[in-house]
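Side-chain atoms are counted along with the backbone in the values below, which use heavy atoms only and exclude waters and symmetry mates. First the proteins, then the strands, lettered A, B, ... as listed; each starts at 1.
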Protein chains: 2
Amino acid sequence: MKETKRPTIIDVAHAANVGASTVSRHVRGGKSVSPEVARRIEIAIAQLGYEPNTLARSLRVGRTQTLGVLFPHVNNVFFGNALRTIQTEARINGFTVMLLTHQEEAKLQQEQLASLKRSQVDGIIMVPAAETNVAQVRALLGNTPVVAFDRSLGSAVDSVLLDNYRAAREATEHLLGHRHSHIVAVNAPYKLQPLQSRFNGYKEAMETAGKHAETIVWHESEQLRKELCAALQRKREPATAILSMSYSVTLAVLSTLRECHIALSKIGFIGIDDMEFANFIHPPLTTLAQPSEQFARLAFQQLLGRTSGSKEKPVHVVVAGNMMIRSSCGCKSASSRSL
Amino acid sequence: MKETKRPTIIDVAHAANVGASTVSRHVRGGKSVSPEVARRIEIAIAQLGYEPNTLARSLRVGRTQTLGVLFPHVNNVFFGNALRTIQTEARINGFTVMLLTHQEEAKLQQEQLASLKRSQVDGIIMVPAAETNVAQVRALLGNTPVVAFDRSLGSAVDSVLLDNYRAAREATEHLLGHRHSHIVAVNAPYKLQPLQSRFNGYKEAMETAGKHAETIVWHESEQLRKELCAALQRKREPATAILSMSYSVTLAVLSTLRECHIALSKIGFIGIDDMEFANFIHPPLTTLAQPSEQFARLAFQQLLGRTSGSKEKPVHVVVAGNMMIRSSCGCKSASSRSL
DNA sequence: CTGTTAGCGCGTTCAC
DNA sequence: GTGAACGCGCTAACAG
């Protein structure tokens with residue numbers, strides 16, 4: 001068995017008794033090629049098992065048909081599903097996807113973006129890291145099309161985001177509707193605009209109801225435990241419900257409650273971001289899910305437009321969350337509704 | 001602002017008053033270049049903001065410095081962490097990673113492999129889909145190095161696998177040690193060798209203890225519910241413990257128990273594959289975790305060796321699982337140990 | 001140590 | 001409708 005080399009377009013041309021450029025035209029789609037010649041080419045291709053060399057083509061045309069995706073990580077349903085959807089869409093449209101993660105570190109993010117740029121991807125879908133310096137990112141990217149996913153990247157960059165304000169507001173109002181006297185919001189320590197919007201939504205709902213907004217920022221598990229337990233167990237106006245602002249916060253809160261031996265069933269709870277195991281804990285977690293597939297499709301379509309040269313003004317899509325009502329909010333029966 | 005074109009190696013050569021190949025040599029690492037010239041080149045590079053064109057280089061040298069990773073999906077800790085680790089290792093070694101998923105479908109798997117081949121990746125780390133036709137896969141791949149990850153791909157392909165037999169055996173023995181009279185194994189419907197090995201381990205442990213092995217294969221939720229509840233609630237020798245053979249099975253089992261209103265605390269439970277939320281359910285789930293980082297590193301190193309031409313005989317690495325003892329097995333205090 | 005030359009495989013003028 | 005020639009940016013030979 002020899003190291004048989006891949007056939008090139010020239011091999012095909014010879015075998016079919018035509019010029020290389022004719023093969024090229026035919027391979028690339030219904031350009032004007034006589035039926036007879038087309039047939040000969042087809043045969044030659046099948047015989048040799050020819051496949052166009054992507055590298056050479058990319059080098060020549062300056063497009064790679066590759067999209068970069070940069071996520072913080074992929075260990076949750078939201079990102080996992082989004083990735084799957086993006087890949088599917090990409091495949092359908094003749095693109096392949098290069099996934100990178102930045103682990104929420106701005107520095108790594110820069111490296112990964114540089115790597116994507118080196119790979120000459122035609123466009124990028126990214127979830128900006130928490131401490132992202134927007135100008136820095138844009139400078140690095142040059143004129144590679146980008147769409148910000150789930151988090152904003154300044155008003156000049158296309159984005160698809162959750163209606164964060166509304167999500168948090170409705171979640172809060174829902175809790176309020178269950179007669180919770182005092183709701184604490186637990187937030188992540190990141191300076192992210194979506195988190196800020198969520199906080200605003202929460203605050204607005206609370207103040208409209210004449211209640212006092214109270215937020216605990218989770219920096220570290222020990223500190224969270226102290227503050228959260230204090231809030232829930234103090235004598236004077238203890239908190240009776242929790243609004244968790246994100247996936248990782250929910251994880252931390254659940255750990256904390258467990259450590260403090262506070263039963264989830266004794267309090268109200270809603271978490272923004274859906275959890276795969278929401279149904280397995282007691283009581284089942286009510287969450288505000290981000291529609292990941294919809295996010296992904298929107299982002300992909302937007303990017304696709306940009307890669308084919310669309311020069312419209314930046315588009316900012318805002319999508320509604322889905323209230324997944326289970327039991328931790330206080331409801332008796334499960335249901336879901338789009339906001 | 002014009003569409004300024006990227007500087008090429010020739011631009012650099014001119015600016016530094018040297019030949020293109022000298023620049024090439026210098027750029028690529030400590031080849032013999034005079035200090036004086038090296039300095040001039042550095043300056044030119046910095047001034048022009050030159051970056052080598054990966055595509056052109058790859059076309060020329062026939063290597064892309066890209067690795068393909070093909071997973072069923074990424075929505076769980078095991079695959080998520082493995083991916084992260086592989087990417088990190090890759091970055092350190094100057095590779096970039098192209099991640100694809102096959103959703104456990106053999107057909108999609110073939111497509112994705114074809115796509116990886118088109119991208120001319122230097123090597124592939126893959127988790128073969130359940131119904132994989134090994135010969136078909138190998139034929140498609142040609143002589144691209146491959147390492148099978150978490151599941152075997154025939155004895156001719158490098159692999160890194162869990163010691164599945166041992167894992168299941170010890171898990172079963174542990175349950176037995178808690179005086180469970182009757183343990184059912186619940187398995188996934190896939191014809192995967194690791195699942196078979198796990199079953200064998202379970203069976204061996206049961207028979208050694210003079211017990212009867214009983215397996216339920218999860219095809220569909222309705223059917224699982226019927227069979228599992230029957231096993232747990234029958235009068236004559238009801239099952240008192242469950243051994244779940246994989247991540248997805250555990251998810252299904254937990255759902256089922258919930259639907260049947262059977263409290264996890266009433267029975268014994270161990271699941272192979274760790275769950276992110278193991279601590280959040282009651283009682284906390286005892287699991288047999290696959291050391292994902294270790295898996296990933298081993299697979300990467302093996303592949304790296306192959307990409308640089310190692311022609312040794314196929315290597316099959318077997319790694320020990322980690323018993324993550326929490327409470328569902330019957331233990332009072334948490335601990336973990338490597339098998 | 002350095003520069004010149006010749007492709008890697010393909011798409012694209014531009015004549016025919 | 002078709003083929004010949006050129007070049008995308010880079011590296012590997014080879015002279016010098």
**Q** Between A:T22 and D:dG3, is there a side-chain N or O to OP1/OP2 distance below 4.0 Å?
**A** yes
**Q** Write down the distance between CG (B:L55) and P (C:dG11), rounded to a whole number of angstrom.
**A** 13 Å
**Q** With sugar-phosphate meaning primed atoms plus P, OP1 and OP2, does B:N17 contact a base, only sugar-phosphate, or nothing at under 4.0 Å between heavy atoms?
**A** sugar-phosphate
**Q** Calculate the interatomic distance between B:R63 atom CZ and D:dT11 atom P; express it in whole Å.
**A** 14 Å
**Q** Specify the separation, in whole Å, of atom CD of A:Q65 and atom P of C:dG11.
**A** 12 Å
**Q** Separation of A:R40 atom CZ from D:dG1 atom P, in whole Å?
**A** 16 Å
**Q** Can you tell whether the side chains of A:R84 and A:E293 come within less than 4.0 Å, N to carboxylate O?
**A** yes
**Q** Checking side-chain contact (heavy atoms from CB on, under 4.5 Å) against B:V127, which of B:H73, B:Q109, B:R151 comes through?
**A** B:R151
**Q** When the aromatic ring centroids of A:F295 and A:F149 are compared, is their separation below 6.0 Å?
**A** yes
**Q** More 5' along DNA chain C: B:G19 or B:V61, using each one's nearest nucleotide?
**A** B:G19
**Q** Between C:dT12 atom P and A:R25 atom CZ, what is the distance in whole Å?
**A** 11 Å
**Q** Just report the end-to-end axis angle for the helix from C:dC1-D:dG16 to C:dC16-D:dG1, five pairs per end, to 10 degrees.
**A** 40°
**Q** Could you tell me which residues satisfy side chain to side chain contact (heavy atoms under 4.5 Å, CB included) with A:R118, sequence neighbours excluded, listed by chain and number?
**A** A:A114, A:S115, B:E51, B:T54
**Q** If you draw a 6.0 Å radius around CZ in B:R138, do more than 12 non-hydrogen atoms from other residues or ligands fall strictly inside?
**A** no
**Q** Inspect the contact between A:E36 and A:R40 and indicate whether a charged nitrogen and a carboxylate oxygen are less than 4.0 angstrom apart.
**A** yes
**Q** Does a sphere of radius 6.0 Å around NE2 in A:H14 hold more than 12 heavy atoms from other residues, nucleotides or ligands, not counting ones at 6.0 Å or beyond?
**A** no
**Q** Quick one: A:H26 NE2 to D:dG3 C1', roughly how many Å, whole number?
**A** 17 Å
**Q** To the closest 0.5 Å, what do you measure between CG (B:L48) and OG1 (B:T8)?
**A** 9.0 Å
**Q** I'd like to know if A:K107 pairs up with A:E131 as an ion pair, taking the criterion as any Lys NZ or Arg NE/NH1/NH2 lying under 4.0 Å from an Asp or Glu carboxylate oxygen.
**A** no
**Q** Summarise protein proximity over nucleotides 5-10 of chain D in one line of letters, 5' to 3': B for base, S for sugar-phosphate only, - for none, counting protein heavy atoms closer than 4.0 Å.
**A** --BBBB
